[in-house]
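As the structure is a prediction and not an experimental result, all values here were calculated from the model. In what follows, chains are A, B, ... by sequence order, proteins preceding strands, each numbered from 1.
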Number of protein chains: 2
Amino acid sequence: MKQILAEILTIGDEILYGQITDTNAQWISAELDQLGVRVVRKTTVGDQREAILTAFAEAEKRADMVIITGGLGPTNDDLTMPMLAEYFNSEIVLNESVLNHVKNFFERRGRQFTELNKRQALVPKVAQVLHNELGTAPGTWYERNGKVFVSLPGVPHEMKNLVKQLVLPKLSRHFQTPVIYHKLIKTVGIGESFLADIIKDWEANLPEHISLAYLPSVGQVKLRLTAVGENKQQLVEEVGQQVERLLPLAGEFIYGYDETSLEEAVGQLLKTKNKTIALAESCSGGYAQHKLTTVAGSSNYFQGGVVPYHNQFKMQILGVRQETLEAYGAVSEACVKEMAEGVRKLFNADIGAASSGIAGPGGGTDEKPIGTVWIAFADGEKTITKKLQLTQNRLLNIELTEIAILNLVRKSLSQ
Amino acid sequence: MKQILAEILTIGDEILYGQITDTNAQWISAELDQLGVRVVRKTTVGDQREAILTAFAEAEKRADMVIITGGLGPTNDDLTMPMLAEYFNSEIVLNESVLNHVKNFFERRGRQFTELNKRQALVPKVAQVLHNELGTAPGTWYERNGKVFVSLPGVPHEMKNLVKQLVLPKLSRHFQTPVIYHKLIKTVGIGESFLADIIKDWEANLPEHISLAYLPSVGQVKLRLTAVGENKQQLVEEVGQQVERLLPLAGEFIYGYDETSLEEAVGQLLKTKNKTIALAESCSGGYAQHKLTTVAGSSNYFQGGVVPYHNQFKMQILGVRQETLEAYGAVSEACVKEMAEGVRKLFNADIGAASSGIAGPGGGTDEKPIGTVWIAFADGEKTITKKLQLTQNRLLNIELTEIAILNLVRKSLSQ
């Protein structure tokens, strides 16, 4: 089966100079991917004639479709429309239907329609117009020798609406697209190379049409399985079988799939087990509480938490004993254990979890260097503790502690 | 003066397929822009030999420097290093200094060093190694006919550290870039168009060689002054004079300059005024505590905080009165006032601050729709409250609440 190839072209000085992030290209990639189209390149060029024409020609050589965003405003620095006209040897004409739409658009909002706005209705004669309900700059569609160019506005919600409503169905009809299926397998608590090592036989035995990629990020590694074929249902089943084979090898590190985040996975687990949680965070400064509460509906299982940044409050609020602090210090197994147990009681929760450590850059000693962190999980029956030896970087230590706390809760609840 | 041109090349299937957003390219663009280098194109290609080699050749033709990120992991799908070796007709050799670094890196973390990890030390013989302190994949530097290729790891904090510490100074020497001086003026609590309006006369009177850009982000607007000339000291003085003229117009919204974050500015203010602070966060779920504690040395003024996610704990832990909650509800001026006063006492702090609101997506009513948030500041003499009407988006509401709390503390302390 012939693989349909796409290139995504973003036009605009503001993206080239780093003043705004291009999130459109990522979104379009993901949509094309779902359609079974393989994006082979993304390019950003500025608002310059030569750069745009060269990019058109290069993309047309390599890909079957070229999806273009940006450069459609009514001002002189917006060049996409005239460049498309030049590239497709077409004249620019006033499109009456677009003109009426733009006029109505301004009228409905009680804003004045100016000569400048009229320019939005100028499109290459050869183009098919894709009507932009949500804005004034129209999308346009071009065909030549079986290849397709699509030009879309840069404003994200306008672009997305056009893609969903008009572009994807039209592309799907034009190219009879193959089927690609992706599954993300999300792991935590193991580094990329160690994970690669324990799953190497499984990886070596993947069938030809299913490929594997490692996607590491701070404290986590995602595995992506990509299957190419003709039947979606069959690919879903085959990938599912591979995941089944992976579970005995790496299941303990897998917290979820696809869009699920670690905080969502932990929240889901708490909901399923009908447990509530409270947190006491010293070195992680409330970051784990923040992550848990980014999840909508977290008030169903998150009771609350404390950030006791000094020993005095670890004692007064959480009931850590003075003798514990005197004998072992705040960064100790004994202290973090009492913190987890204390916060559990304070918030009348099923589970208490806690962190205490040296985030840096100050505060390290020979015995307890920067990056020394203790975490704990308490559920009233048992208290599990863990010592981490993290990095020299404060922000990274905060993030890694947060991930370790959530992972400790996950593992303890999964047993 | 000759304009130095750059291209940025991102390598990785995960970015092509839209599974992660490439934020590196934007960050690098902005850094190069500060150096006076003009980025002419950004390109993303996948982990395929032909695509990478073609992208190298095309970029070398157009630009003076090519900055590459990604594709440096130890697994088989990472191709950047072998492709660079091929492109520069060089063999791959084991670099002893990188090998020792990688070994130490694993040793210090008490993790096992495997054969796979050893691959990180394989670099093209022709490359100059840029030592990556924060990770295991080294940066590398190549020169040919006056042009420069730089390969960097895709992990953002590793890449950024290498760029700041090694790459920018090296590029500046190699290309003898002109003298450009930037100053960022950071504002909070005012929208872009309102700010533009109150400073329009000042902006119109800027000298030719000093330009102004507006850089808006969530809840904040940065103004960037860029001066181009030949003498750094003179540019610094001239920009300083312009800032002096700006202060009477917009000084109340300015919290800091250049790299200073809002949480650092608030921390500095607390330190200067010799005040301590404690926070009670309901709808912001600990995010303001997290931001404050990302600042090194924050234990000097941050006492701690509470996230009382249910009414019961607002009463039990913070002393909010049952009558208050019954009469006005938790999202009310009266409640947030008692929260701020309560947390101040609990943590024996000079200042207490608090938030209570409806982050969404559930919980909104006609009277208190999603995005309704109350914040408060208490210092024992007075309590200042403020009502915010934010968005429909949970994450945005959490972030905007955090910024509003810190800004309320800043303004109250500045008076």
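- With a 4.5 Å cut-off on non-hydrogen atoms, B/H157 touches chain A through its side chain but not through its backbone.
- In this structure, chain A has heavy atoms under 4.5 Å from both the backbone and the side chain of B/A296.
- With a 4.5 angstrom heavy-atom cutoff, B/V295 touches chain A only via backbone atoms.
- A/F194 CZ to B/F106 CZ: the interatomic distance, rounded to the nearest 0.5 Å, is 5.5 Å.
- Within the 4.5 angstrom heavy-atom criterion, only side-chain atoms of B/Q316, from C-beta onward, approach chain A.
- Salt-bridge annotation for A/K200 and B/E115: absent, with no side-chain N of the basic residue lying under 4.0 Å from a carboxylate O of the acidic one.
- Residue B/Y214: no heavy atom, backbone or side chain, is found under 4.5 Å from chain A.
- Taking a 6.0 Å sphere around CD of B/E192, one finds it holds more than 12 heavy atoms contributed by other residues, nucleotides or ligands.
- With chain B as partner, the option from A/C283, A/S299, A/A196, A/G191 having the largest number of non-hydrogen pairs under 4.5 angstrom is A/S299.
- In terms of heavy atoms, B/S29 sits closest to A/I15 at OG-O, 4.4 Å.
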_Pair A/E58-B/E58, side chain to side chain contact (heavy atoms under 4.5 Å, CB included): steps then yes or no_ = CA-CA 10 Å; A/E58 287 173 357; B/E58 289 172 358; 4.1 Å; yes
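- Interface remark: A/F313 contributes side-chain atoms only to the contact with chain B (heavy atom separation under 4.5 Å).
- Contact of A/I317 with chain B is made through the side chain alone, with heavy-atom distances under 4.5 Å.
- Look at A/E50 and B/R62 and you find no salt bridge, because none of the NZ, NE, NH1 or NH2 atoms lies under 4.0 Å from a carboxylate O.
- Proximity to chain A is absent for every atom of B/L279, based on heavy atoms less than 4.5 angstrom apart.
- Contacts of A/A213 with chain B are made by both backbone and side-chain atoms, with heavy-atom separations under 4.5 Å.
- Per-residue counts of heavy-atom pairs under 4.5 Å with chain B were compared for A/A55, A/G46, A/A280, A/G360; the largest is that of A/A55.
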*Given B/L16 and A/K42, is the side chain to side chain contact (heavy atoms under 4.5 Å, CB included) satisfied, shown in steps?*
CA-CA 7 Å; B/L16 266 189; A/K42 290 183 197 170; 4.2 Å; yes
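- Counting heavy-atom pairs closer than 4.5 Å to chain A, the top-ranked of the candidates B/G297, B/A25, B/S298 is B/S298.
- Contacts of B/L292 with chain A are absent, with no heavy-atom separation under 4.5 Å from either backbone or side chain.
- For the pair A/Q312 and B/F347, the minimum side-chain heavy-atom distance is 4.5 Å or more.
- Ranking A/R38, A/Q389, A/E281, A/K291 against chain B, the residue ahead of the rest is A/R38, based on heavy-atom pairs under 4.5 Å.
- Looking only at side-chain heavy atoms (C-beta outward), A/R224 and B/D13 come within less than 4.5 Å of each other.
- Side chain of B/Q289 to main chain of A/G286: no donor-acceptor pair is present (N/O by atom type, distance under 3.5 Å, no hydrogens or angles).
- For a residue to count as touching a neighbouring chain, one of its non-hydrogen atoms must lie under 4.5 Å from one of that chain's; by this rule A/R41 touches chain B with backbone and side chain alike.
- Neither the backbone nor the side chain of B/V155 comes within contact range of chain A; no heavy atom of the residue lies under 4.5 Å from a heavy atom of that chain.
- In this structure, the portions of A/V45 lying under 4.5 Å from any heavy atom of chain B include both its backbone and its side chain.
- For the pair B/R394 (side chain) and A/T294 (backbone), a donor-acceptor distance under 3.5 Å is present.
- At distances below 3.5 Å, not a single donor-acceptor pair connects side-chain atoms of A/H290 with backbone N or O atoms of B/S284.
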*side chain to side chain contact (heavy atoms under 4.5 Å, CB included) evaluation trace for B/V307 with A/F302*: CA-CA 10 Å; B/V307 179; A/F302 178 68; 3.8 Å; yes
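- In this structure, the ring pair (Phe, Tyr, Trp, His ring centres under 6.0 Å) partners of A/H182, at least two apart in sequence or on a different chain, are B/Y17.
- The two residues B/D22 and A/T21 make their nearest non-hydrogen contact at O-CG2, 4.4 Å.
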